[in-house]
Amino acid sequence: MLENYNLACAIHRHFMATPEAPAVVCQGRSLTYSQLAERSARLAACLTHSLDWARRDGQPPRVGIFASRGVDACVALLGACWAGATYVPISLKQPEERILNLFAQCGLSALITDDQGAKLLSERVLAACPDVVIHAGQERLWPRDSVIKIIEMATLPPVTPEEPVNMAASDTAYIIFTSGTTGVPKGVMISTGSARHYVSMIAEWLELRASDRALETCELSFDFSIHNMFSTWEVGAALHILPATTVMNAVKFARNSELTIWNSVPSLAGMLRQIKALAPESLANLRVTVFGGEQLPASTVTAWQSAAPNSVIFNLYGPTEATVFCLAQTVANPLLLTPGRDVLAIGKPLPGNEARVVDESGQTIADGASGELVIAGEQLADGYLGAPELTASRFPTLDGKRWYRTGDLALRDATGSFHCLGRIDNQVKVLGYRVELEEIDAHLRIVSGADIVGSVAWPQAGGMASGIVSFVGASSIDAEQVIDALKNRLPPYMLPSRIITLEIMPLNSSGKVDRRALLKLLGTEAG
Ligand code: AMP
């Protein structure tokens with residue numbers, strides 16, 4: 001029989017072997033593997049009966065997950081997987097316009113919500129919903145007057161979980177949307193083959209165990225969540241979800257939950273350090289710390305080593321387009337730092353991945369010289385949804401092999417370790433979120449009416465940005481009004497905190513807005 005690549009197979013496996021082991025815990029609610037399997041399979045049975053399973057472009061139907069991190073969100077996405085569908089997480093933290101855009105791009109066959117998601121289904125969003133909408137939350141929100149019928153999961157009959165529907169390695173497991181330079185988010189399509197490779201590889205590489213208790217800090221729409229959920233479930237361990245409202249108390253949460261595995265962006269650790277929550281030995285139970293998704297400052301590592309003295313620290317690097325992480329450094333003393341910067345090297349390719357530094361023509365360049373980091377291997381995405389040209393340009397064939405051009409400026413040192421030196425383009429990370437500054441500019445141009453605009457990530461401290469400041473080349477605009485109008489178009493982390501008007505916008509030699517000069521202006525102002 002062909003191997004079943006369905007991501008939900010791990011839940012079924014542990015349901016059979018250790019049904020009473022805890023699988024997911026959040027805000028006082030917890031599900032064992034048996035309960036998680038039953039609920040996911042129940043949801044899957046409903047999808048199986050309600051959807052048209054005819055394949056489009058050879059791919060399974062797509063099911064949107066409109067939920068914030070929590071037990072019900074896990075059931076929702078596992079239900080979609082279990083049924084053999086592609087799941088598409090849709091962040092709740094975005095304005096209606098953007099949600100409608102994602103619906104339109106995906107052609108969803110069904111939508112599953114939790115309580116929070118269900119409450120955000122305005123009449124306009126409901127009108128754009130697919131025919132099948134399932135509420136997998138705890139509150140009884142329907143029947144209520146709405147333009148479409150919503151299925152309450154609580155009314156579905158219980159089932160005995162059978163093995164998840166067979167999925168081939170080439171079936172799309174999920175689509176994650178990231179910021180797009182044209183002003184429209186782009187959907188990264190990851191196959192079950194890539195996802196399954198990543199999950200089994202990383203669980204083995206990190207030596208995760210069934211007795212582990214691992215932290216989830218991410219929303220489903222961030223690729224890091226794939227790592228957190230599925231690496232934990234791969235080994236039959238328990239996932240402890242940090243509620244968004246408890247982030248400041250993450251250390252206390254980790255202690256009370258007796259966590260052994262920490263997973264987060266370094267920004268979270270940096271913030272805990274800033275609020276002086278990282279007392280020495282305060283995280284003594286941790287045995288593994290996974291930092292990833294953005295540069296890891298040396299200062300964060302030093303503070304963490306004293307707070308979590310029994311933990312190995314890993315710096316993991318990777319774009320959504322390479323499933324989750326594809327390079328890694330096991331942190332050791334003395335720290336392997338990137339020359340001239342106080343940040344950790346991103347290490348070497350993980351099993352099944354390859355990395356090179358290339359020049360503009362795709363030729364590999366000598367160790368020590370900087371160029372663009374390109375990635376190949378089993379984790380590469382199938383491309384961007386509905387964007388074959390963009391896919392072709394970002395996933396070129398070099399020497400007969402398919403690569404992904406990361407847009408990261410990098411070098412490889414003499415020991416074979418890679419170092420990230422920043423971006424070639426205008427992509428930034430703001431509080432861990434991936435943002436294309438051009439996407440902000442595209443919307444700013446429309447709402448301000450100005451032709452020349454430029455946004456930068458600011459303020460920056462310890463190599464991390466915590467906000468956006470935009471500049472408009474116009475004599476006068478009402479900044480408050482423009483920011484208000486942007487709120488209907490962009491998620492909160494992409495909104496400028498200030499809009500500064502400049503009579504003369506600095507331009508670089510190619511006639512484009514000079515973002516470095518804009519940053520200098522802000523630096524002078526702060527200094
Ligand atoms: P995302 O697709 O949201 O995971 O963002 C991917 C981008 O984040 C990469 O192309 C890098 O620019 C950055 N990034 C991810 N991990 C690291 C890391 N460990 N160190 C430095 N930059 C990172």
Side-chain angles (χ1 to χ4, degrees), residues 89 91 174-181 185-190 194 198 202 217-228 263-270 289-298 300-301 304 313-331 335-338 341-350 353 355 357 370-375 379-381 384 394-395 403-411 417-437 439 457 460 462-465 491 493-494:
S91 165
Y174 60 84
I175 302 174
I176 283 190
F177 280 87
T178 75
S179 180
T181 50
K186 52 184 193 273
V188 181
M189 301 182 290
I190 299 289
S194 295
Y198 176 75
I202 202 73
T217 49
C218 305
E219 291 299 331
L220 304 184
S221 48
F222 183 16
D223 64 340
F224 205 156
S225 71
I226 309 291
H227 169 92
N228 301 341
N263 301 307
S264 84
V265 288
S267 288
L268 175 55
T289 298
V290 170
F291 286 134
E294 59 182 357
Q295 55 185 14
L296 175 57
T300 302
V301 172
W304 201 263
I313 300 174
F314 298 96
N315 178 26
L316 275 84
Y317 162 94
T320 308
E321 287 85 343
T323 304
V324 190
F325 301 123
C326 49
L327 276 89
Q329 188 205 152
T330 309
V331 175
L335 303 181
L336 178 58
L337 298 179
T338 294
R341 290 147 212 254
D342 253 1
V343 298
L344 277 276
I346 54 175
K348 296 182 178 171
L350 284 161
N353 292 277
V357 178
S370 63
E372 184 172 12
L373 180 63
V374 294
I375 308 287
Q379 293 172 206
L380 284 204
Y384 300 108
R394 297 310 298 236
F395 293 84
W403 293 81
Y404 170 63
R405 291 175 41 211
T406 64
D408 284 316
L409 191 65
L411 64 80
S417 272
F418 288 81
H419 299 259
C420 213
L421 306 170
R423 294 289 305 175
I424 289 165
D425 53 18
N426 293 312
Q427 183 182 301
V428 293
K429 284 271 169 152
V430 180
L431 296 171
Y433 292 100
R434 170 170 157 178
V435 172
E436 300 282 359
L437 292 171
E439 181 171 2
Q460 298 183 354
M464 307 218 183
Y493 58 86
M494 289 176 83

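Read the numbers this way: they start at 1 and go in the same order the structure lists the ligands and their atoms.
Closest to atom 23 (C) of ligand 1 among all protein heavy atoms lies Glu294 CA, 3.5 Å. Among protein heavy atoms, the minimum distance from atom 1 (P) of ligand 1 is reached at Lys429 NZ, 3.4 Å.
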Walk me through it: do Tyr433 and Val265 pass the test side chain to side chain contact (heavy atoms under 4.5 Å, CB included)?
CA-CA 10 Å; Tyr433 292 100; Val265 288; over 6 Å; no

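Remark: distances from the non-hydrogen atoms of Thr178 to ligand 1 are all 4.0 Å or more.
Counting atoms of ligand 1 from 1 in the listed order, those under 4.0 Å from a heavy atom of Leu316 are 16 (N), 18 (C), 19 (N). Close contacts between ligand 1 and Asp408 involve ligand atoms 9 (C), 10 (O), 11 (C), 12 (O) [criterion: under 4.0 Å to a heavy atom]. Short contacts between ligand 1 and Arg423, defined as distances under 4.0 Å to a heavy atom of the residue, involve ligand atoms 10 (O), 12 (O).
Ring geometry, Phe224 versus Phe325: the interplanar angle exceeds 60°, so the pair is classed perpendicular (tilted spans 30 to 60°).
Close N/O approach between Glu321 and ligand 1 is not found [any backbone or side-chain N/O within under 3.5 Å]. Looking at Gly293 next to ligand 1, an N or O pair under 3.5 Å apart turns up. By the 3.5 Å distance cut-off applied to N or O atoms, Gly318 is counted among the residues near ligand 1. An N or O contact shorter than 3.5 Å links Asn315 to ligand 1 by distance.
Summarising the geometry, atom CG belonging to Asp223 is positioned 5.5 Å from atom CD1 belonging to Ile176; distances are rounded to the nearest 0.5 Å. Note that CG of Leu327 is 6.0 Å distant from CZ of Phe418, once rounded to the nearest 0.5 Å. To the nearest 0.5 Å, atoms CG (Asn426) and CG (Leu437) are separated by 5.5 Å. Rounded to the nearest 0.5 Å, atoms OG1 (Thr330) and NZ (Lys348) are 10.0 Å apart.
Side chains of Glu219 and Ser91: no donor on one and acceptor on the other come within 3.5 Å. Between the side chains of Gln329 and Tyr317, no donor-acceptor pair is found at a separation under 3.5 Å.
In this structure, of Pro319, Pro266, Gly422, Ala410, the residue bringing a heavy atom nearest to atom 6 (C) of ligand 1 is Pro319.
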